[in-house]
Amino acid sequence: MEIQNQEKKLSTCETMIMKLIWDADGDISVQKLIVEIRERYGKDYARTTVVTFVKKLLDKGYVSTYRVGRASFVHPEKDEYQYKQRLMNEATDFWFEGKPSALLSAVCSGREVPEEEILELRKVLDSLGK
């Protein structure tokens, strides 16, 4: 499967760390990343492990880093929305023969979809037809 714009794929751990970086209110320190990984994902990674993953993200162009005193900070360089859009396009092409309706059906099947969400989905679909 060809990756659009030759973007480098992220491993599961890299994706987890990027999610925390994107969710942060501004740049995030490595120390805060370690705490967030433990609190949100139940992973007790050593500092060296987190730094290794941040280095891989840096090498792939997803983040930049800088220091303030003794603290290291991570800044996202890639847009989260564009990343998610690329993943969904790849999944739609691979699993659903390029049919967004089949993807949507799979996402909504087997779960309760509140009326409020159904209305929101209709708005999104209606806006695509214009």
Side-chain angles (χ1 to χ4, degrees):
M1 181 183 332
E2 188 174 322
I3 302 171
Q4 296 174 355
N5 299 327
Q6 299 304 311
E7 288 283 333
K8 306 242 174 137
K9 287 203 178 219
L10 299 180
S11 70
T12 301
C13 289
E14 291 167 348
T15 301
M16 177 180 61
I17 291 172
M18 273 312 301
K19 177 73 171 132
L20 294 172
I21 293 167
W22 281 318
D23 287 352
D25 187 23
D27 297 346
I28 187 169
S29 70
V30 170
Q31 187 58 41
K32 179 74 172 161
L33 267 177
I34 294 166
V35 170
E36 289 290 316
I37 290 167
R38 187 179 323 109
E39 289 178 0
R40 285 180 56 181
Y41 301 113
K43 306 283 187 189
D44 197 18
Y45 291 145
R47 178 180 173 76
T48 53
T49 302
V50 174
V51 169
T52 298
F53 283 121
V54 169
K55 171 77 168 88
K56 289 179 180 186
L57 291 168
L58 179 69
D59 291 345
K60 291 179 179 183
Y62 280 85
V63 299
S64 58
T65 60
Y66 62 93
R67 294 181 71 81
V68 176
R70 297 184 69 178
S72 296
F73 289 84
V74 184
H75 174 80
E77 294 294 340
K78 301 279 184 180
D79 180 72
E80 180 184 17
Y81 180 80
Q82 289 176 343
Y83 179 76
K84 290 189 294 189
Q85 188 175 39
R86 181 173 56 86
L87 287 180
M88 291 300 96
N89 286 339
E90 288 174 3
T92 303
D93 291 344
F94 184 82
W95 292 107
F96 304 102
E97 300 173 356
K99 298 176 184 172
S101 59
L103 171 71
L104 185 58
S105 177
V107 169
C108 295
S109 294
R111 69 170 58 191
E112 188 175 320
V113 181
E115 184 66 30
E116 179 180 297
E117 272 301 303
I118 292 170
L119 293 172
E120 198 59 37
L121 287 168
R122 283 190 179 123
K123 285 182 193 174
V124 170
L125 293 172
D126 287 345
S127 72
L128 294 174
K130 295 178 182 175

Open item on the list: So does Leu125 get a backbone contact from the side chain of Arg122, meaning a donor-acceptor N/O pair under 3.5 Å?
Closed with: no
Open item on the list: Measuring from atom CG of Asp44 to atom CD1 of Ile34, what distance do you get when rounded to the nearest 0.5 angstrom?
Closed with: 9.5 Å
- [ ] Start with the C-alpha gap between Glu90 and Lys9, add the side-chain angles, then the distance that decides, and say whether salt bridge (Lys or Arg N to Asp or Glu O under 4.0 Å) holds.
- [x] CA-CA 12 Å; Glu90 288 174 3; Lys9 287 203 178 219; 3.5 Å; yes
Open item on the list: Between Trp95 and Leu103, is there a side-chain heavy-atom distance shorter than 4.5 Å?
Closed with: no
- [ ] Using the side-chain contact (heavy atoms from CB on, under 4.5 Å) rule, take Ile28 and Phe73 through it: C-alpha gap first, then chi angles, then the decisive distance, then the call.
- [x] CA-CA 5 Å; Ile28 187 169; Phe73 289 84; over 6 Å; no
Open item on the list: Testing the basics here: between Asp27 and Pro76, what is the closest heavy-atom pair and its distance to 0.1 Å?
Closed with: OD1-CD, 4.1 Å
Open item on the list: Is there a continuous path of hydrophobic side-chain contacts, each under 4.5 Å between heavy atoms, that joins Leu58 to Ile17?
Closed with: yes
Task: Over 12 non-hydrogen atoms of neighbours within 6.0 angstrom of NZ in Lys56 - done: no
Task: Reported CD-to-SG distance for the pair Glu117 and Cys108, which is rounded to 0.5 angstrom - done: 8.5 Å
Open item on the list: When you measure from the side chain of Ser105 to the backbone of Ser101, do you find a donor-acceptor pair of N or O atoms at a distance under 3.5 Å?
Closed with: no
- [ ] Give the ring-plane orientation class for Phe53 versus Tyr45, where under 30° counts as parallel, over 60° as perpendicular and anything between as tilted.
- [x] tilted
Open item on the list: Rounded to the nearest 0.5 Å, what separates atom CG in Asp79 from atom NZ in Lys84?
Closed with: 9.0 Å
- [ ] Determine, using the 4.5 Å side-chain heavy-atom cutoff (strictly less than), whether Val35 and Trp22 are members of one ILVMFWY cluster.
- [x] no
Task: Test: Lys78 cationic atom under 6.0 Å from Tyr83 six-membered ring centre, within 45° of axis - done: no
TODO: Report the distance from atom CD of Glu14 to atom CE of Met18, rounding to the nearest 0.5 Å.
DONE: 10.0 Å
Task: Under-4.0 Å salt bridge between Arg40 and Asp23 - done: yes
Open item on the list: Ignoring hydrogens, what is the shortest heavy-atom contact between Arg67 and Arg70? Give both atom names and the distance.
Closed with: NH2-O, 3.1 Å
TODO: Step by step, work out the side-chain contact (heavy atoms from CB on, under 4.5 Å) result for Tyr41 and Leu20.
DONE: CA-CA 10 Å; Tyr41 301 113; Leu20 294 172; 3.7 Å; yes
Task: Pairwise distance CG(Leu104) to CZ(Phe96) - rounded to 0.5 angstrom - done: 10.0 Å
Open item on the list: Between the side chains of Glu39 and Lys32, is the shortest nitrogen-to-carboxylate-oxygen separation below 4.0 Å, so that they form an ion pair?
Closed with: no
Task: Joint cluster assignment, Val51 & Tyr66, ILVMFWY side-chain distance < 4.5 Å - done: no
Task: Inter-residue atom distance Lys123.NZ - Leu128.CG, 0.5 Å rounding - done: 14.0 Å
Task: Trace of the side-chain contact (heavy atoms from CB on, under 4.5 Å) decision for Thr65 with Ser72 - done: CA-CA 7 Å; Thr65 60; Ser72 296; 6.0 Å; no
- [ ] For Tyr81, look at atom OH and say whether over 12 heavy atoms of other residues, nucleotides or ligands are found less than 6.0 Å away.
- [x] no
Task: Evaluation steps, side-chain contact (heavy atoms from CB on, under 4.5 Å), between Arg47 and Val30 - done: CA-CA 8 Å; Arg47 178 180 173 76; Val30 170; 3.4 Å; yes
Task: Met16 side chain near Ile37 side chain, heavy-atom distance below 4.5 Å - done: yes
